[in-house]
Structures are given as structure tokens and as C-alpha cells.
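Each remark here refers to the structure printed beneath this line.
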Amino acid sequence: CDDLKKHESLRKIITTLALKNEEIQNFICCLKQSLENLEVNSNRVQEDLESEFSSLHAILDELKEGMVTRIKQERASRTYELQSQLSACTKALESSEELLELANQTLCSSENDNFTQATKEIKDSVTMAPAFRLSLKAKASDSMNHMMVDFTQERNMLQAIKFLPVPATPEIHVAECQVFDNTVIVVWTLPEPDSKIDHYILEYRRTNHDGPPRAREDYPWMVVEGIKETEFTLTSLRFDTRYMTFRVKACNKAVAGEFSEPVTLETHAFVFKLDAGSAHQNLKVEDLSVEWDSSGGKVAVQDIRKEKNRTSSPMHSPARTAMMSPKRAPSARVGRDRFTAESYTVLGDTMIDAGQYYWEVRFDKESKSLAAGVALRSLGRFDQLGKSNASWCIHLNNWLQQSLTAKHNNKARTLDCPIPDRIGIYCNYEEGTLSFYNSRTKTLLHTFRTKFQQPVIPAFMVWNGSFSVQTGLQVPSIVLSGQKRNSNTSSSNASLT
């Protein structure tokens with residue numbers, strides 16, 4: 001006995017040591033990877049820095065070239081004006097000196113006859129002399145002070161260049177986040193205002209686990225970039241997992257900060273699949289779509305014979321059934337237990353025994369006959385939807401004459417409304433409410449009010465047509481508000497309940 005204990009103790013020590021060795025080896029791999037990343041990242045930021053400085057130098061060179069060009073243009077313009085003025089003055093001076101010499105010669109002349117005529121000519125020449133028409137004020141200034149620059153402010157800005165600080169880590173505020181109408185609004189803040197923030201990056205992924213993200217998840221992170229505000233709205237989602245995990249990081253022009261602590265939000269919605277094992281042999285079931293197949297019954301006879309000779313599969317063993325979710329209905333309708341005769345029916349695989357749920361059915365308007373609603377699991381294999389007390393449905397008849405009726409317990413009420421191509425179904429189990437809506441306009445088509453004595457399950461019927469089901473939907477807000485308004489009023493459909 002002591003030896004066994006020692007052996008067990010030694011095994012535990014060996015196991016512990018082996019686990020520790022594995023942790024150390026993993027950590028060594030991480031360190032080596034970090035060293036490689038450090039070299040790559042440092043080279044990258046150095047190249048980025050050199051590129052930024054080269055860009056800055058290019059801008060300064062371009063500015064310098066432009067300003068030097070302007071100085072040269074100003075100098076050339078003023079030089080032309082001053083040289084033109086200088087040339088005009090020089091010519092005027094030469095003309096004036098010639099006239100002055102002629103006047104002096106005339107004054108010294110002794111011939112009286114020519115003196116009078118010469119004097120008159122000189123007087124006229126002086127009156128018209130260019131020297132008296134010249135402006136003796138320079139047309140251009142020699143000052144260039146207006147083209148001086150002061151780089152004090154720019155020099156201070158350049159001296160203030162430094163590495164951008166890494167943006168702070170945002171915090172997602174769970175209390176302000178909202179999940180409704182298959183839409184998620186995520187709200188976050190920074191610890192302190194930061195004018196350098198350029199945008200945010202939001203990542204989210206679907207998960208079935210509450211709390212922080214796990215090392216291994218079935219779903220990848222989805223990325224939303226370029227968010228300018230501190231909130232973001234994800235729309236048109238399909239909630240096919242119990243939760244969605246979100247994280248966000250802030251980015252400036254150069255670098256991104258750390259991701260926020262992940263936040264997990266519950267995405268409560270009704271998710272189910274169609275139970276192909278329950279489907280009538282003329283119904284071809286693929287995922288959440290059903291299509292009428294007139295040849296299905298012929299092929300199925302051979303399948304029934306094979307089913308007789310087959311031993312019980314482990315898939316349907318009592319032990320396996322006990323491990324399944326209590327709301328996931330075990331597929332009992334296989335072989336001879338599937339719907340038959342004129343009950344062209346298929347059921348969902350998830351029972352409703354509490355709460356309120358919503359799903360939609362989109363159908364081909366050319367279908368000859370189609371029905372959707374809920375039924376008890378005990379619905380007989382020959383029972384047609386709405387023709388017994390075990391099912392409630394809305395029925396489209398497109399055979400001979402088009403009509404839309406609400407059916408239960410072999411009673412029908414014709415609905416006077418446009419026939420939509422998509423119907424929303426709302427079930428509140430505790431209140432015994434089953435309502436049908438035009439899913440596009442959310443207009444109420446009909447409401448059954450009853451008291452469900454047993455769990456119910458989504459049920460569908462089609463003949464000569466097709467339909468598809470959309471699950472993972474939350475109860476729309478407009479449906480919830482409409483139900484509250486009508487909860488205290490008597491139902492006009494009481495005759496069918």
C-alpha cells in the first residue's frame with residue numbers, strides 16, 4: 001500500500017514537472033518570437049521615421065524653392081522698372097546737355113540777325129525737352145524687407161517633434177451597451193481626452209461562453225476599422241450563439257494602443273434547426289430550407305425497409321439522449337414515425353417550454369399550400385397542421401383561390417389582409433400567446449390566445465412549393481411593445497383558441 005502511494009506521489013510529481021517543463025518551453029518559444037518581433041518592429045519604425053523625415057525635408061526644400069523663386073521674380077521685376085527709368089533719364093540728360101551747349105553758343109554769337117531766330121528755337125526746344133517731363137522719383141523700391149521670414153514658430157514646432165505617445169486603453173461600458181432587434185450598440189470611453197486619436201478599431205466574435213475570451217474559440221475575430229466616434233452600432237446580425245465578445249483599441253496617426261478588456265454581451269435569441277427525421281418523404285430538407293419533392297415518397301420505401309433491418313444506432317441510445325439539452329428535442333420521427341399521407345409537415349428540433357421567442361418564415365408565393373406555426377410534440381403522423389387541438393398555424397392556400405387563414409382544432413378564420421412573402425411568428429409560452437406578423441412591416445396578422453399544457457415546437461407544412469426559416473432572431477421591439485398594449489384587451493380570435 002505504501003509503495004502504491006509512493007508511486008502515485010511520484011507520478012504526480014512527474015506530471016507536475018512535465019507540465020512545468022512544457023510551460024517553460026512554451027515561454028521560451030514566446031521569448032524567441034518576441035526577440036524576432038522586436039528586431040522586425042524596430043527596423044520598421046526606424047524606416048518609418050526616416051521616411052517621415054525625408055518627407056519633411058522634401059516639404060522644406062519645396063517651400064524654399066518656391067520662396068527663392070518669388071525673390072528672384074521680385075528682383076527681376078524691380079530691376080526692369082529701375083533700368084527702364086535709368087535709361088530714360090540718361091537719354092533726357094544727354095538731350096538736355098546738347099541743348100545747353102547750343103544755348104551757350106548762341107549767347108556768345110555776335111550776329112544779331114540770327115540771334116532772335118536761334119533764341120526762339122532754343123526756347124521751343126527747352127519747352128519740349130524730355131528733362132522737364134521726367135519724374136525724378138524711383139518707380140521701384142530697393143527694399144526687400146517684405147520678403148523676409150521668421151521661422152521662430154516653425155523652429156519651435158520642429159524642436160517639439162517627438163515620438164507619439166501610445167494611445168490609452170479604452171474601456172467598454174457594459175451598462176451603456178444595448179442588444180436589441182438583432183443590433184448591438186457598443187459604447188466606450190478613454191481614461192482621459194486625447195486629441196491625437198484618429199480612429200478606433202472594434203473587434204467582435206461570436207461565442208457560447210460567458211466571461212473573458214478563451215484561448216481556443218470556434219469563431220474568429222471580426223474587425224471594424226476607421227470608427228471615428230466612441231460608439232458603434234452593429235446591425236443586421238444573426239444571433240446563432242449565446243454571446244458576443246467585444247474589444248476596442250484607439251489609434252493615432254502612427255500607432256495603435258492596447259485592446260480594452262473584452263466584454264461579453266448576451267445575445268438572447270431563438271435558434272433551432274429543422275428536424276429532417278420528422279419531415280414527410282415528399283419534403284426535401286436542407287439546413288433551414290424546405291422544397292417539395294414529388295418523387296420523395298418512391299425512394300423512401302426502400303429506406304424504411306433498410307431501417308427495419310438496422311440495429312439500434314448509438315446516436316439514439318438512451319445514454320446519449322440523456323446528455324442532450326432538455327430543450328433540444330430528440331429526433332424520434334425516423335422511418336415509419338415521420339409524417340405521412342397528406343400531412344406534408346416538418347418540425348423544428350427545439351422545444352419551447354418557457355420564455356418568449358420569435359422566428360420568421362419566407363415562402364414562395366406560388367406555393368400551392370403552406371402553413372407555419374407551433375405544434376405539440378405529440379402531433380400525430382397523419383395530422384395536418386391546424387386540423388387538431390395539437391397545433392396552431394397560419395395557412396396560405398394558393399390552390400384555385402388564394403386565401404390566408406388562421407387554423408386550430410379544425411377551425412379556420414379567413415384573414416382579410418395582403419398576403420406577405422415573409423411571416424414573423426412570436427410565441428410567449430407563459431402567457432399562451434402565439435402571434436403572426438408581416439415581418440417586413442411588423443403588422444399584426446393574427447393572434448391565438450390559449451394556455452399551453454405541454455411544450456410546443458415550431459411546425460411547418462408545404463405542398464407544391466418551398467419555404468425557408470430564419471432563426472437567431474430576437475423578439476423585435478415593435479412586437480414587444482404591441483404585445484404590451486394588447487395584453488389587457490380581449491382577443492378577437494378567441495373562437496380559434
Side-chain angles (χ1 to χ4, degrees), residues 177-186 204-208 218-219 222 233-246 264-275 285-290 325 327-329 346-364 370-375 392-394 396 420-431 433-448 452 455-462 466-484 486:
C177 296
Q178 299 180 54
V179 182
F180 63 94
D181 291 340
N182 285 77
T183 294
V184 179
I185 300 177
V186 187
Y204 66 96
R205 69 178 172 192
R206 297 174 291 161
T207 178
N208 284 308
D218 295 333
Y219 302 97
M222 307 300 291
T233 302
L234 286 169
T235 60
S236 303
L237 298 171
R238 182 173 176 267
F239 294 147
D240 53 0
T241 57
R242 293 178 60 195
Y243 303 95
M244 287 181 70
T245 302
F246 296 86
T264 303
L265 302 178
E266 186 175 5
T267 56
H268 181 70
F270 187 36
V271 180
F272 65 90
K273 295 181 180 179
L274 294 177
D275 180 9
V285 180
E286 289 186 7
D287 194 19
L288 288 172
S289 298
V290 176
S325 167
K327 290 197 176 184
R328 189 69 67 188
V346 60
L347 301 177
D349 67 349
T350 305
M351 290 186 293
I352 299 173
D353 56 9
Q356 44 189 332
Y357 302 99
Y358 178 86
W359 62 98
E360 292 183 353
V361 184
R362 183 173 186 174
F363 54 88
D364 180 4
L370 185 140
V374 300
W392 300 254
C393 72
I394 195 168
L396 168 66
D421 62 351
R422 180 178 291 183
I423 293 176
I425 302 173
Y426 165 79
C427 180
N428 186 324
Y429 188 84
E430 283 84 3
E431 292 187 3
T433 300
L434 179 67
S435 297
F436 298 87
Y437 291 84
N438 179 325
S439 67
R440 298 189 186 278
T441 63
K442 298 301 181 290
T443 304
L444 180 64
L445 303 176
H446 184 78
T447 295
F448 289 106
F452 298 120
V456 294
I457 198 164
F460 311 90
M461 182 279 293
V462 65
S466 62
F467 70 88
S468 61
V469 184
Q470 186 170 12
T471 70
L473 302 177
Q474 294 182 299
V475 182
S477 302
I478 190 170
V479 170
L480 286 175
S481 60
Q483 291 293 326
K484 289 178 182 178
N486 297 329

Taking the side chain as every heavy atom from C-beta outward, state whether [X] and [Y] have any atom pair closer than 4.5 Å.
| X | Y | answer |
| --- | --- | --- |
| L288 | Q470 | no |
| N182 | F180 | no |
| F239 | L473 | no |
| V346 | V285 | yes |
| I394 | L445 | yes |
| M244 | L237 | yes |
| T183 | T233 | yes |
| S435 | L444 | yes |

Do [X] and [Y] meet the criterion of a side-chain donor-acceptor pair at a distance under 3.5 Å?
| X | Y | answer |
| --- | --- | --- |
| Q474 | Y358 | no |
| T241 | N208 | no |
| T433 | Q483 | no |

Closest heavy-atom pair and its distance - [X], [Y]:
| X | Y | value |
| --- | --- | --- |
| G424 | S439 | N-CB, 3.8 Å |
| L434 | C427 | CD1-CB, 4.0 Å |
| Q356 | N428 | OE1-ND2, 3.5 Å |
| C177 | L265 | CB-CD1, 4.0 Å |

Open item on the list: I need the single residue from E360, R238, K273 that forms a side-chain hydrogen bond (donor to acceptor under 3.5 Å, both in side chains) with T471. Which is it?
Closed with: R238

TODO: Identify, with sequence neighbours excluded, every residue that meets salt bridge (charged side-chain N to carboxylate O under 4.0 Å, His left out) alongside D421.
DONE: R440

TODO: Identify, with sequence neighbours excluded, every residue that meets salt bridge (charged side-chain N to carboxylate O under 4.0 Å, His left out) alongside R206.
DONE: D240

Open item on the list: Under the side-chain contact (heavy atoms from CB on, under 4.5 Å) test against F363, which residue among L396, V469, V462 passes?
Closed with: L396

Determine whether a donor-acceptor pair (N or O, by modelled atom type, separation under 3.5 Å) exists between the side chain of [X] and the backbone of [Y].
| X | Y | result |
| --- | --- | --- |
| D349 | L274 | no |
| E430 | A354 | no |
| T264 | T245 | no |

Task: Spatial distance of atom OG (S481) from atom NZ (K442) [nearest 0.5 Å] - done: 11.5 Å

TODO: Hey, could you give me the CG/CD1 distance between D275 and I457, rounded to the nearest 0.5 Å?
DONE: 7.0 Å

- [ ] Assign the ring pair W359 / F272 to parallel, tilted or perpendicular, where the plane angle (0 to 90°) is split at 30° and 60°.
- [x] perpendicular

TODO: Measure up the F452 and Y429 rings against each other and bin them: parallel (under 30°), tilted (30 to 60°), perpendicular (over 60°).
DONE: parallel

Open item on the list: Centre-to-centre under 6.0 Å for F460 and F467, is that the case here?
Closed with: yes

Task: Other residues, nucleotides, ligands: >12 heavy atoms within 6.0 Å of R242 CZ - done: no

- [ ] Applying ring pair (Phe, Tyr, Trp, His ring centres under 6.0 Å), run through F270 and Y357 and close with a yes or a no.
- [x] CA-CA 6 Å; F270 187 36; Y357 302 99; 4.7 Å; yes

Task: Residue pairs, two or more places apart or on separate chains, that pass salt bridge (Lys or Arg N to Asp or Glu O under 4.0 Å) and touch residues 469-479 - done: none

TODO: Start with the C-alpha distance between Y426 and T447, add both sets of side-chain angles, then the distance that settles side chain to side chain contact (heavy atoms under 4.5 Å, CB included), and finish with yes or no.
DONE: CA-CA 9 Å; Y426 165 79; T447 295; over 6 Å; no

